[in-house]
> 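Structure in structure tokens, see below.
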Amino acid sequence: MEKTGYDLKEAAKLLESAGVHLAGIAGDVMLADYLLVPEQKHGLDDLGKRYLDHPLGTALGEEAQLTWALDSLLAEKLEENGVTGVYRDIELPLVPVLADMERAGIAVDVSALQALSTELGARLAEEEKRCHALAGQEFNVASTQQLAEVLFEKLGLKGGKRTKTGWSTDADTLDKLREEHALPGAILAWRELSKLKGTYVDALPPAVNPKTGRIHTHFRQAVAATGRLSSNDPNLQNIPVRTEEGRRIRRCFVAAPGHVFLSCDYSQIELRILAHYCGDGPLCESFRNDEDIHRRTASEIFGVMPGLVTPDMRRAAKAINFGIVYGMGAFRLANDLRISRTEAQSYIDGYFARYPQVRAYMDGAIARAREKGYAETLYGRRRPNQGLDAKNPMDRAGAERIAINTPIQGTAADLIKLAMVRVHADVAGTSARLLLQVHDELVLEVPEGDVKEVAERVRAAMEGVATLCVPLKVDAGWASTWDAAH
DNA sequence: CACTAGTGCAA
DNA sequence: TATTGCACTAGTG
């Protein structure tokens, strides 16, 4: 349970058990978080103190009573801020959905995790020995300070990036040092195992609730500036998936007996939203034709027929598509692709030459945010966006990236939240239930025999949640582990 | 025990 | 010198 801050769903659950129908509570907390500047929040704290000896007694009760009392005040502020619709149509209906998901929880195979922990522990000890041997001394491999001393002073390797306190030892830096010495590679291997063991394998079993035998994460509705959910205690939105070792952890998430996990994820939702904002052009065309988007981008940038796009060209195009959504610069693209800045800039120039509508979207997004003082999603969610006229170019560029990214990432958040409400209603009364949301993915637990039918219903709900100028596409998969459902 | 810094996991 | 998060360990006070 949260120790600080307002917790909407806990409050809603508590009041529900007390027989009080208070779906509004959660939304009210949203309002406080979204709309009130810090000075106003002090007012909330003062008001909250008046409820400290309420019969419900618990911290949750206090919060619940507080938020209930704030209803009219907050409704007014919602209206003033133009976000009544987001509150009423998206956030409020989502509250009971999230409460159900948290109550449902998800099962992990604790024995498998414990076996994995033992294995990783042994391998970590080996890797640690190897690091010490390569360094010619013992040191704390987990200490960036000690590691930097060994790499850059004792071994005389050339440092790359700087941090506030010295030379960086991050993965990118170590990867570039692999040719110079064997130690950087050994450190990277140790770090991968250490990350998996410490953050996931050893952390998940203690998170299992002894009463339910399942892990009940907590979804925060009013944390992310763009309107995304966040997950904590434990965070189930960053379970590894990219490496084989990481996927071994995902395999420890297991469906209940007789059930399977159904994973439904939006395909390229952020680029589709960008295409929608663009209105026309090759981005829209390729989505309408259900083309391989990165291949098409490569074809456009490098001026070759789609069939002649090489893997390297597609990889570069993918990095560009990824970066476009965030307002990337040539520096970062060059670093990612291990090419020169000049070359990276020519890729970016080539992109905008073929995708002028994307440039127009970016310019328009910045202009609108500058005019209004906030960035806005398709459904009217707002994020304050000051700094677009800052004199410092770095500050200004940062504000511009927010102006560009927020309507995209935030609209994706709006869409999946709406979809969640529909899916929840659609499976109500059946044995299927929503368990997790991971930004563009919904994970359900479904009786094995029903999965095909449920998959189609979830797909229809997700794809039909809005009609944009390009179709929304959902990929669905199912299996008895989360990993295999992908 | 609270806090910052560095690092790395996900979309 | 790319967006949004959460959480680990080391190190400091």
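Order of the sequence lines fixes the chain letters, A, B, ..., with proteins taken first and strands second; residue numbering starts at 1 for each chain.
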> Within the 4.0 Å heavy-atom criterion, would you say A/Ser231 contacts the bases, only the backbone, or no part of the nucleic acid?
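Touches sugar-phosphate only.
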> Can you name the one residue among A/Leu155, A/Thr173, A/Leu177 that meets side-chain contact (heavy atoms from CB on, under 4.5 Å) with A/Pro184?
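Per the side-chain contact (heavy atoms from CB on, under 4.5 Å) rule, the option paired with A/Pro184 is A/Leu177, out of A/Leu155, A/Thr173, A/Leu177.
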> Roughly, in whole Å, what's the span from CG in A/Asp395 to P in C/dT1?
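Rounded to the whole Å, the gap is 11 Å.
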> What nucleic acid atoms does A/Glu270 come within less than 4.0 Å of, heavy atoms only: base, sugar-phosphate, or nothing?
nothing
> Please state how far atom CG in A/Asp202 lies from atom P in C/dA7, giving the value in whole angstrom units.
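In whole Å, C/dA7 P lies 16 Å from A/Asp202 CG.
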> Atom CD1 of A/Ile404 and atom P of C/dA2: how far apart are they, to the nearest Å?
13 Å
> CD1 of A/Ile408 versus P of C/dA2: gap in Å, rounded?
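Whole-Å distance recorded here is 17 Å.
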> Under 4.0 Å between any heavy atoms, over every strand shown, what does A/Ala375 touch: base, sugar-phosphate, or nothing? Just pick one.
nothing
> Roughly how far apart, to the nearest Å, are B/dA5 and C/dT1 at atom P?
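It works out to 16 Å between them.
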> Establish, yes or no, whether the cationic atom of A/Arg251 lies under 6.0 Å from the six-membered ring centre of A/Trp482 and within 45° of the ring axis.
no
> To the nearest angstrom, how far is A/Glu400 atom CD from C/dT1 atom C1'?
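One finds 14 Å between C1' of C/dT1 and CD of A/Glu400, rounded.
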> Answer yes or no: is there a donor N or O on one side and an acceptor on the other, between the side chain of A/Gln437 and the main chain of A/His439, under 3.5 Å?
yes
> Where does the angle between the aromatic ring planes of A/Tyr277 and A/Tyr361 fall among parallel (under 30°), tilted (30 to 60°) and perpendicular (over 60°)?
parallel
> So does A/Asn238 get a backbone contact from the side chain of A/Tyr200, meaning a donor-acceptor N/O pair under 3.5 Å?
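Between the backbone of A/Asn238 and the side chain of A/Tyr200 there is a qualifying donor-acceptor contact (under 3.5 Å).
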> Heavy atoms under 4.0 Å, any strand shown: does A/Arg401 hit a base, just sugar-phosphate, or nothing?
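Counting heavy atoms under 4.0 Å across all strands, the contact made by A/Arg401 is with sugar-phosphate only.
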> Given C/dG11, C/dT3, C/dG5, identify the nucleotide with an atom nearest to the side chain of A/Asn140.
C/dG11
> Is there a donor-acceptor pair closer than 3.5 Å between any side-chain N or O of A/Asp475 and the backbone N or O of A/Asp265?
no
> Given side-chain contact (heavy atoms from CB on, under 4.5 Å), test A/Met101 with A/Met420 step by step and report yes or no.
CA-CA 10 Å; A/Met101 290 166 68; A/Met420 289 166 74; 3.6 Å; yes
> Using a 4.0 Å heavy-atom cut-off, does A/Gly198 contact any base of the nucleic acid, only the sugar-phosphate backbone, or nothing at all?
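Answer is sugar-phosphate: A/Gly198 comes under 4.0 Å of backbone atoms only.
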> What integer distance in Å separates A/Leu337:CG from C/dA2:P?
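Roughly 14 Å, once rounded to whole Å.
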> Respond yes when some side-chain nitrogen or oxygen of A/Gln146 is under 4.0 Å from OP1 or OP2 of C/dG11, and no when none is.
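So the side chain of A/Gln146 is within the cut-off, an N or O lying under 4.0 Å from OP1 or OP2 of C/dG11.
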> Expressed in angstrom and rounded to an integer, what is the separation of A/Leu193 atom CG from C/dC8 atom P?
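Nearest whole value for this atom pair: 18 Å.
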> Counting primed atoms plus P, OP1 and OP2 as sugar-phosphate and everything else as base, spell out the protein contacts along nucleotides 5-11 of chain B at 4.0 Å heavy-atom distance: B, S or - for each nucleotide, 5' to 3'.
SSSBBSB
> For A/Arg383, which contact category applies under a 4.0 Å heavy-atom criterion: base, sugar-phosphate, or nothing?
sugar-phosphate
> Would you kindly give the CG-to-P distance between A/Asp414 and C/dT4, to the nearest whole Å?
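Distance check: A/Asp414 CG to C/dT4 P gives 16 Å.
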